[in-house]
There are 2 protein chains.
Amino acid sequence: MQELITDILKRNQLSVTESRRKILELFHQSKGALAHADIEQSSAEHFDRVTIYRTLQTFVDKGIIHTIPTSDNSVRYALCKDECSAGHHHDNHVHFICDQCDTTYCLDHVSVPSLKMPNGFEAKQTDVVVSGICKNCQS
Amino acid sequence: MQELITDILKRNQLSVTESRRKILELFHQSKGALAHADIEQSSAEHFDRVTIYRTLQTFVDKGIIHTIPTSDNSVRYALCKDECSAGHHHDNHVHFICDQCDTTYCLDHVSVPSLKMPNGFEAKQTDVVVSGICKNCQS
DNA sequence: ACTATTTCGCAACTTTGTTGCAAAAAAATT
DNA sequence: AATTTTTTTGCAACAAAGTTGCGAAATAGT
Ligand SMILES: [Zn+2]
Ligand SMILES: [Zn+2]
Ligand SMILES: [Zn+2]
Ligand SMILES: [Zn+2]
């Protein structure tokens, strides 16, 4: 695991630091997406809030993670698949947020539909967020 | 106009106050959606920030306006159509945010597609936000 | 016009996010 | 392996966004 993490950082021309390794590891261990607060709390060692903000931003810039728009307006982040690279995200999959456990999933196999826009409107990006009950919360 | 505004407030069992009338009027005058900041700045008279927060929340609760999830995680609000009522929103239309002028539109005639979820996932609500260039910003 | 109820505005506070800078850590060089 | 250069970190200080309690003011009901 440590190998993989280090490798990803190096591949992206990032200095391998403890905070980056730990935070990236958290993403690989987590099933769903992570919010800033999750990271701030979950880690055994405590990183400064500022470091977390900067690390997340760096990962987004490098195409390692992507942000997920949510209806409650809290930012969440999830790992990108291989196709993403610095400055060019290609995460056009649907996201799912569970109303019960609040877990956020990337539904990699549900792709975003293309919609016909009214005259004059030119679509460049479409974000789809579905909410409901997730796999784990079905009674 | 004043008649209409007052009528809407009364229909929803809300006291008719100056802030509520003015803020509701702003929504009726505006082409797109409004953010908290828009309201705070735009009005000639100045309402307290807290009053604006509370008024917006009240309107959402009553089904007069709905919130729009945005990828930059800033809350925006737009008028609901008639079908919405207290506690029950039915705004299943697509939203459009212009990359250039930042205006947010409700595309009332573009309805949200129903997507097939993976096994175990039960969709209850789907939010679609499209971004690109709007009608007014086409060169 | 008077009373009861609701809403408003202020102050104080919390949460979230940003910026500058010196110290520490990592990478590059010798 | 030691030194220099570069990058990253943590702190402090700040700014922006949102919340809560409460007395004063406005609205609604009689
Ligand atoms: Zn769940
Ligand atoms: Zn995703
Ligand atoms: Zn525009
Ligand atoms: Zn809308």
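Any value given below was found using the heavy atoms of this structure, including those in side chains, with hydrogens, waters and symmetry copies removed.
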Where B:A123 and A:V130 come nearest, the two heavy atoms and their spacing: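 B:A123 and A:V130 have their closest heavy atoms at CB-CG1, 3.4 Å.
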Measure from the side chain of A:V50, starting at C-beta and using heavy atoms only, and say which of C:dT19, C:dT16, D:dT19 lies closest.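 When the side chain of A:V50 is considered, C:dT19 is the closest of C:dT19, C:dT16, D:dT19.
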For nucleotides 2-9 of chain D, give me every protein contact, N/O to N/O, under 3.5 Å, one pair per line with atom names.
from	atom 1	to	atom 2	distance (Å)
D:dT7	O3'	A:S15	OG	3.4
D:dT8	OP1	A:R20	NH1	2.8
D:dT8	OP1	A:R20	NH2	2.8
D:dT8	O5'	A:R20	NH2	3.4
D:dT9	OP1	A:T17	OG1	2.8
D:dT9	OP1	A:S19	OG	2.4

From [atom1] of [X] over to [atom2] of [N], roughly how many Å is that when rounded to an integer?
X: B:R21; N: C:dT7; atom1: CZ; atom2: P; answer: 15 Å
X: B:Q41; N: D:dA16; atom1: CD; atom2: C1'; answer: 12 Å
X: B:K10; N: C:dT6; atom1: NZ; atom2: P; answer: 17 Å
X: A:R76; N: C:dG17; atom1: CZ; atom2: P; answer: 12 Å
X: A:Y53; N: C:dT16; atom1: OH; atom2: P; answer: 7 Å
X: B:I23; N: C:dT7; atom1: CD1; atom2: C1'; answer: 12 Å
X: A:Y77; N: C:dT16; atom1: OH; atom2: C1'; answer: 11 Å
X: A:Q57; N: C:dT18; atom1: CD; atom2: P; answer: 8 Å

Is it the case that D:dG10 (base atoms only) and A:R49 (side chain only) share a donor and an acceptor within less than 3.5 Å, ignoring hydrogens and angles?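 Answer no: no donor N or O sits under 3.5 Å from an acceptor.
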Check this for me, if you would: do A:R54 and A:D48 make a salt bridge, where the nitrogen-to-carboxylate-oxygen distance has to be below 4.0 angstrom?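 Here A:R54 does not pair with A:D48 in a salt bridge, since their nearest N and O are not under 4.0 Å apart.
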Is it true that B:K124 and A:D99 have a side-chain N and a carboxylate O under 4.0 angstrom from each other?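 No, B:K124 and A:D99 are not salt-bridged.
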For A:R20 and A:S15, indicate whether the former's side chain and the latter's backbone hold a donor-acceptor pair under 3.5 Å.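 Present.
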B:H36 and B:Y53 aromatic ring geometry - parallel, tilted or perpendicular at 30°/60° bounds: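 Aromatic pair B:Y53/B:H36 classed parallel.
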Are the ring centres of A:Y105 and B:F121 closer than 6.0 Å?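 Judged by ring-centre distance (under 6.0 Å), A:Y105 and B:F121 do meet the cut-off.
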